[in-house]
Protein chains: 2
Amino acid sequence: MSTPARKEAADWLTHAELKIHDAGLHRSTPRQKVIDLLADQDCAITALEMDQRLSGVGRATVYRAIEQLEDLGLVQKVDLGKGAQGFEKIDPSGHHHHHLVCEHCGRVQSFEDERLEKAIHRIHRRGFTVESHEITLRGRCSDCARPEPMSVSRPAPTGSRINAGARL
Amino acid sequence: MSTPARKEAADWLTHAELKIHDAGLHRSTPRQKVIDLLADQDCAITALEMDQRLSGVGRATVYRAIEQLEDLGLVQKVDLGKGAQGFEKIDPSGHHHHHLVCEHCGRVQSFEDERLEKAIHRIHRRGFTVESHEITLRGRCSDCARPEPMSVSRPAPTGSRINAGARL
DNA sequence: TATCAGATTGAGAATCAATCTCAAAATAGA
DNA sequence: TCTATTTTGAGATTGATTCTCAATCTGATA
């Protein structure tokens, strides 16, 4: 596979490794595995899922690595709804996307919108320095379209099906 | 006190009570306390904080009430950073705001921006029905402005000072 | 290559948030 | 008042995240 996404991932990986090194951090196998896994994802992944997928890497290490990467501006947190939070790489080019979260099945899709970015960048508030932003649209994905004309309460909610990670 | 905000709160309260009744829910003291507390807030408050402030209301009831209000479209979840999530009332007029979260001290401010709303409403993605949206800008508030030229790692982070709730 | 200070790790305990359970209590309407 | 239904809350449970600390690994230097 060598789609644009593939290339972007490689860019991020290189960039990340450089920054890690510049920060005076050692190069260790467990942390590297975390970084590689993140580089492979198209969209957000939860900490716990990373932990599960990475055998031979302790939970503490996963969380620590994520925190370090966050501090270095290499990954960002994403609210996945239902209180779940995921993490995804920040592209060094500044190129980024936002998320559509289906309230029904929990699926997360990504989208980009130039007009929206412009509107965001025009926002200034007294004394507040904006460093990053996050936008989440909630609703129903095509699969879950028409709500069944059923019960009044919770419509068979998310469960733990988080981050099914479909690309748009 | 009878600022516009006060009035809005009263509107919401009336509206909320009506919807609760229409949904066939009983009128109970504990739930009413939850609703009153929400009506009183200018900005987001966490579930746990509500629980602490409301003596005589069980934790389960607080969470349950919030869930019901969410289902009825009366309150919405807000990501407060550091994994904390808060809830705030949704004004029946459709009038709403978004948030500025200080990464340094955790303070949450609110802001409104018409241009941004317009950009949001112009977004359409194949098959996805947008029902609500959330926008969070992260950065540094005026109090925490210039980062101290200190250590490389975590700059004395948030701790649990969430929802200091200053209005803009 | 040997050495060492400092960085890194991981198992398990601890913490914290959120959810679930279910018997007892409260409510609305007849 | 009576009853079917809704609601409640104490406490157990689950689930995610953080903390602890001795053992291990790394990079730079001698």
Side-chain angles (χ1 to χ4, degrees), chain A residues 17 20-35 44-72 75 77-87 106 151-154 157-163, chain B residues 17 20-35 44-72 75 77-87 106 151-154 157-163:
Chain A
E17 285 168 346
I20 292 266
H21 181 263
D22 288 352
L25 300 176
H26 288 181
R27 163 179 272 272
S28 77
T29 312
R31 179 164 49 217
Q32 189 63 42
K33 283 186 183 175
V34 173
I35 298 173
I45 179 175
T46 67
L48 226 45
E49 193 170 346
M50 299 184 72
D51 179 48
Q52 287 158 1
R53 289 211 216 163
L54 294 171
S55 58
V57 180
R59 203 175 25 259
T61 299
V62 171
Y63 281 100
R64 250 184 320 236
I66 290 173
E67 188 180 9
Q68 293 164 331
L69 293 170
E70 253 191 302
D71 284 349
L72 292 172
V75 308
K77 198 188 324 140
V78 175
D79 179 24
L80 300 176
K82 286 279 156 209
Q85 57 184 337
F87 299 89
S151 70
V152 186
S153 57
R154 303 247 101 179
T158 294
S160 64
R161 196 185 152 212
I162 287 298
N163 193 29
Chain B
E17 285 168 346
I20 292 266
H21 180 263
D22 287 353
L25 300 176
H26 288 183
R27 163 178 272 271
S28 77
T29 311
R31 180 164 49 216
Q32 188 62 42
K33 283 186 181 173
V34 173
I35 298 174
I45 180 175
T46 67
L48 229 44
E49 195 171 345
M50 299 184 71
D51 179 46
Q52 286 158 2
R53 289 211 215 163
L54 295 172
S55 57
V57 181
R59 200 175 29 259
T61 300
V62 171
Y63 281 101
R64 248 184 321 235
I66 291 173
E67 189 180 11
Q68 292 165 332
L69 293 169
E70 253 192 301
D71 284 349
L72 292 172
V75 309
K77 198 189 321 141
V78 175
D79 180 24
L80 300 175
K82 285 281 157 206
Q85 56 183 336
F87 299 89
S151 70
V152 186
S153 56
R154 304 246 99 181
T158 292
S160 63
R161 197 187 150 210
I162 287 296
N163 193 29

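Order of the sequence lines sets the chain letters (A, B, ...), proteins ahead of strands, with each chain counted from 1.
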Self-check item: Any residue meeting side chain to side chain donor-acceptor pair (under 3.5 Å) with B:Gln85, in chain and number order, not counting sequence neighbours
Solution: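 Side chain to side chain donor-acceptor pair (under 3.5 Å) check on B:Gln85 returns nothing, list empty.
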Quiz item: Which residues satisfy the side chain to side chain donor-acceptor pair (under 3.5 Å) test with B:Arg31, sequence neighbours excluded?
Solution: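 Counting only residues at least two positions away or on another chain, B:Arg31 forms a side chain to side chain donor-acceptor pair (under 3.5 Å) with B:Gln68.
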Practice problem: Would you give the length of the straight line joining atom NE2 of B:His21 to atom NE2 of B:His26, rounded to the nearest 0.5 angstrom? | Solution: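 These two atoms lie 9.5 Å from each other.
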Polar atom pairs between nucleotides 12-22 of chain C and protein, under 3.5 Å, N or O only, would you list them?
from: C:dA18; atom 1: OP2; to: B:Tyr63; atom 2: OH; distance (Å): 2.6
from: C:dA18; atom 1: O5'; to: B:Tyr63; atom 2: OH; distance (Å): 3.4

Over how many whole Å does the gap from [X] atom [atom1] to [N] atom [atom2] extend?
{"X": "B:Leu54", "N": "D:dT8", "atom1": "CG", "atom2": "P", "value": "12 Å"}
{"X": "A:Glu17", "N": "D:dT26", "atom1": "CD", "atom2": "P", "value": "15 Å"}
{"X": "B:Ile35", "N": "D:dT7", "atom1": "CD1", "atom2": "C1'", "value": "13 Å"}
{"X": "A:Met50", "N": "D:dA16", "atom1": "CE", "atom2": "P", "value": "15 Å"}
{"X": "B:Leu25", "N": "C:dA26", "atom1": "CG", "atom2": "C1'", "value": "14 Å"}
{"X": "A:Ile66", "N": "D:dT18", "atom1": "CD1", "atom2": "C1'", "value": "13 Å"}
{"X": "A:Arg31", "N": "D:dG27", "atom1": "CZ", "atom2": "C1'", "value": "13 Å"}
{"X": "A:His26", "N": "C:dT9", "atom1": "NE2", "atom2": "C1'", "value": "13 Å"}

What I'd like to find out is whether the side chain of [X] reaches to under 4.5 Å of the side chain of [Y], using heavy atoms alone.
{"X": "A:Val57", "Y": "A:Thr29", "result": "no"}
{"X": "A:Gln32", "Y": "A:Arg27", "result": "yes"}
{"X": "A:Ile20", "Y": "A:Glu17", "result": "no"}

For [N], does either OP1 or OP2 sit under 4.0 Å from a side-chain N or O belonging to [X]?
{"X": "B:Thr61", "N": "D:dG9", "result": "yes"}
{"X": "A:Arg27", "N": "D:dG27", "result": "no"}
{"X": "A:Ser28", "N": "C:dT9", "result": "yes"}

Quiz prompt | Minimum-distance pair of heavy atoms, taken over all atoms of B:Leu80 and B:Ala44 | solution =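 Closest pair (atom of B:Leu80, atom of B:Ala44, distance): CD2-CB, 4.2 Å.
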